[in-house]
Amino acid sequence: MIALMKRIVAVSGKYQGRIRLAFVFSFLKSLLSKAPVGLAFFTFAAFLDGRVDGRFCRWIGIGMGISLVLQIICQHAADRLQSAAGFMVFAEKRMELGAHLRRMPMGYFTEGNIGKISSVLSTDMVFIEENCMTALADMMSYIFAEGIMLVFMAVLNPWLGLLAAALVGVVLLLAKGMRKEALADSTDRQEQSENLTEAVLDFTEGLGIIKTYNLLGEKSRELTENFRKSCETNIHFEESHSPWQRRLNLVYGIGVALVVALAMFFYGKGMLEVSMLIGVMLFVFDLFGPLKALYGQSTRLTVMNSCMDRIEEVFAESELPDMGSEHIPAADRLREGVPEVEFRDVSFSYGKGGIATTKACSENAGMEAKEALRHVSFQMNRNEMTALVGPSGGGKTTIASLLARFWDVKSGKILIRGTDIRKVPLSDLMDSISMVFQRVYLFQDTIYNNIIMGRPDATREEVMEAAKKARCYDFIMALPDGFDTMVGEGGESLSGGEKQRISIARCILKDAPIVILDEATASVDADNESYIQQAISELCVGKTLLVIAHRLNTIRSANQILVIADGEVAQSGTHGELMEEGGIYRDFVQVRENSGGWNRRAG
């Protein structure tokens with residue numbers, strides 16, 4: 001428990017001083033809480049000696065009142081110092097976690113860790129912030145109180161003090177075994193909570209597909225099974241903890257009986273005065289009270305310990321190195337002949353679990369993993385469009401992801417205006433790149449706020465102009481509240497094409513020199529595709545564009561087409577050049593209308 005206290009204090013940061021000062025007041029409150037028992041002992045001793053009179057009783061009453069008032073003051077001070085500390089500490093921890101997740105490789109989020117992140121944020125941190133400060137205060141109060149009781153017992157009689165200390169030692173040994181078992185069970189409990197969170201997210205996000213394929217019964221059974229396992233895990237947690245509590249209660253009872261029996265023995269032998277015997281009787285029934293209260297909430301403490309482990313586990317995940325100090329040179333200062341973007345002999349493979357950071361790749365060097373890219377080299381000139389085409393799984397999205405530095409390359413370099421992107425701060429790199437993803441995500445906010453996040457300092461007029469260029473102004477103004485219309489989470493209240501155009505408006509407003517379009521027109525109807533093509537044309541003005549698409553009309557006008565197959569650049573050139581050359585590209589074009597997409601076939 002002391003180790004848990006140290007862990008909580010360690011993560012408290014700038015609030016450590018408040019918490020430590022609260023410990024001081026908790027100690028004083030514990031000391032004062034025993035004052036009435038001490039005063040009662042002195043009263044009995046004075047009565048036996050015939051020293052009790054009106055004046056003595058008044059002073060005892062005054063002492064009782066003062067101890068009560070001071071106890072209230074100390075309790076109030078401790079509560080004021082620590083009552084909001086847990087919420088303030090973990091409010092900052094959530095911000096730190098957000099910053100940490102922002103710097104992690106995208107592979108972490110594709111490894112099935114979304115449920116873990118959700119569980120850490122919504123379960124583990126909530127549990128600790130609601131319980132940790134109260135638990136800390138109670139723990140300190142109980143520990144101090146137990147120490148005070150042992151000192152009082154030793155003062156009354158050293159042998160009784162030794163017996164009490166030995167009994168406390170037995171309780172601590174039992175409690176150690178209880179904590180070890182409870183910690184293992186609490187870990188299982190929190191892991192099942194994570195599994196349940198993941199199952200609920202999976203069920204709700206895929207509900208449309210589940211209904212379409214009539215899998216509601218099967219998926220409901222999976223979710224029900226997770227609820228059942230959670231119920232069983234929690235019941236097992238309580239059942240395995242109860243026997244330990246019974247053993248502790250038995251030790252408490254036997255301990256009190258032994259102390260009373262030894263005190264009576266000493267009194268019978270004349271080794272203990274009657275006043276001291278009365279003192280023992282006053283203190284003995286509260287001797288193990290603090291320990292009983294402390295270990296009575298051991299379940300809460302072990303769950304807190306497990307929560308801390310899971311939180312620290314997420315924080316321990318490796319981040320993408322962000323130690324760069326170089327800057328991407330301005331376009332007007334670029335040396336002649338230096339391309340806007342260059343992939344120079346780039347190779348890349350997904351490490352264990354899909355995480356492929358530099359560290360992961362070096363650690364897993366001996367692990368056989370298929371390379372997603374092999375010795376890829378090409379250049380993109382300023383203000384030109386480069387189109388990536390090819391069969392699914394060939395490496396197109398990987399190239400786009402590496403340019404945005406969602407992962408780091410295994411070997412080779414990616415340069416923007418001659419500067420290795422690993423030497424550039426991530427924030428500067430993101431300022432130079434805009435992305436329109438295959439799956440557009442809009443936040444549960446107004447359309448205006450979803451667009452202006454592209455450049456938060458933009459004026460309303462600039463937002464309107466970006467919407468017009470993205471061909472979404474008209475449909476936005478037709479909505480009940482125009483730009484102030486709230487969209488559902490993920491943009492669920494809008495069609496796919498409308499979301500695409502809003503995403504493009506965001507990119508137009510950002511005005512980054514490099515734009516990545518990841519299959520931006522792959523799943524929209526003809527009307528929306530026409531609008532999107534117009535929006536892309538506006539977006540491409542004065543920009544270097546990397547586009548991934550399956551439809552030829554999005555890439556015919558590209559200055560450069562790269563055919564990516566099996567992690568390599570199989571062909572490169574313009575549409576006309578590649579049609580004359582033959583091979584994979586011409587085969588794709590010939591089968592496109594029949595297949596509706598890119599499917600590699602033997603040529």
Side-chain angles (χ1 to χ4, degrees), residues 1-12 14-44 58-89 128-156 161 164-165 167-168 171-172 175 248 252 255-256 279-301 304:
M1 290 189 181
I2 300 297
L4 175 61
M5 292 169 58
K6 289 180 178 178
R7 292 179 74 181
I8 294 175
V9 172
V11 302
S12 299
K14 63 184 181 182
Y15 301 104
Q16 288 185 16
R18 289 171 59 109
I19 295 172
R20 289 194 173 101
L21 187 57
F23 288 169
V24 174
F25 283 105
S26 293
F27 169 73
L28 294 175
K29 179 240 178 183
S30 299
L31 185 62
L32 290 165
S33 68
K34 304 305 175 187
V37 181
L39 291 172
F41 167 69
F42 288 123
T43 301
F44 276 112
R58 282 194 297 273
W59 279 112
I60 289 294
I62 292 171
M64 289 277 192
I66 291 174
S67 68
L68 179 61
V69 171
L70 291 176
Q71 188 176 339
I72 292 171
I73 292 172
C74 290
Q75 182 69 61
H76 176 73
D79 289 343
R80 286 295 299 270
L81 286 167
Q82 66 191 10
S83 60
F87 294 98
M88 292 187 287
V89 167
I128 294 179
E129 73 181 349
E130 290 180 351
N131 292 277
C132 68
M133 293 308 151
T134 304
L136 278 180
D138 291 344
M139 285 167 65
M140 294 306 299
S141 179
Y142 298 146
I143 291 171
F144 292 146
E146 188 62 36
I148 292 167
M149 294 303 295
L150 287 176
V151 170
F152 281 174
M153 195 60 67
V155 168
L156 292 172
L167 291 169
V168 169
V171 171
L172 293 178
L248 286 174
Y252 299 147
V256 169
V280 170
M281 295 303 176
L282 287 172
F283 284 108
V284 72
F285 294 102
D286 199 27
L287 177 60
F288 300 109
L291 281 180
K292 190 173 182 179
L294 178 62
Y295 291 113
Q297 59 174 337
S298 61
T299 301
R300 183 168 59 151
L301 299 176
M304 285 174 57

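All values derive from a computational prediction rather than experimental measurement.
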*Any idea which heavy atoms bring M153 and A164 closest together, and the distance?*
CG-CB, 4.3 Å

*Shortest non-hydrogen separation from S33 to Q71 and the atoms involved*: CA-OE1, 3.6 Å

*Mind listing the closest non-hydrogen atom pair of A22 and L81 along with its distance?*
N-CD1, 3.7 Å

*Compare every heavy atom of G63 with every heavy atom of L39, then report the nearest pair and how far apart it is.*
CD1-C, 3.7 Å

*What residues form a ring-ring contact (aromatic ring centres under 6.0 Å, His included) with F152, not counting sequence neighbours?*
F283

_Nearest 0.5 angstrom please: R80 CZ to R18 CZ, how far?_
8.5 Å

*Atom CD1 of I72 and atom NE2 of H76: how far apart are they, to the nearest 0.5 Å?*
11.0 Å

_If you compare all heavy atoms of M304 against all heavy atoms of I128, which two are closest, and at what distance to 0.1 Å?_
O-CD1, 3.9 Å

_Contact summary for S67 and L32, nearest pair of heavy atoms_ = O-CB, 4.1 Å

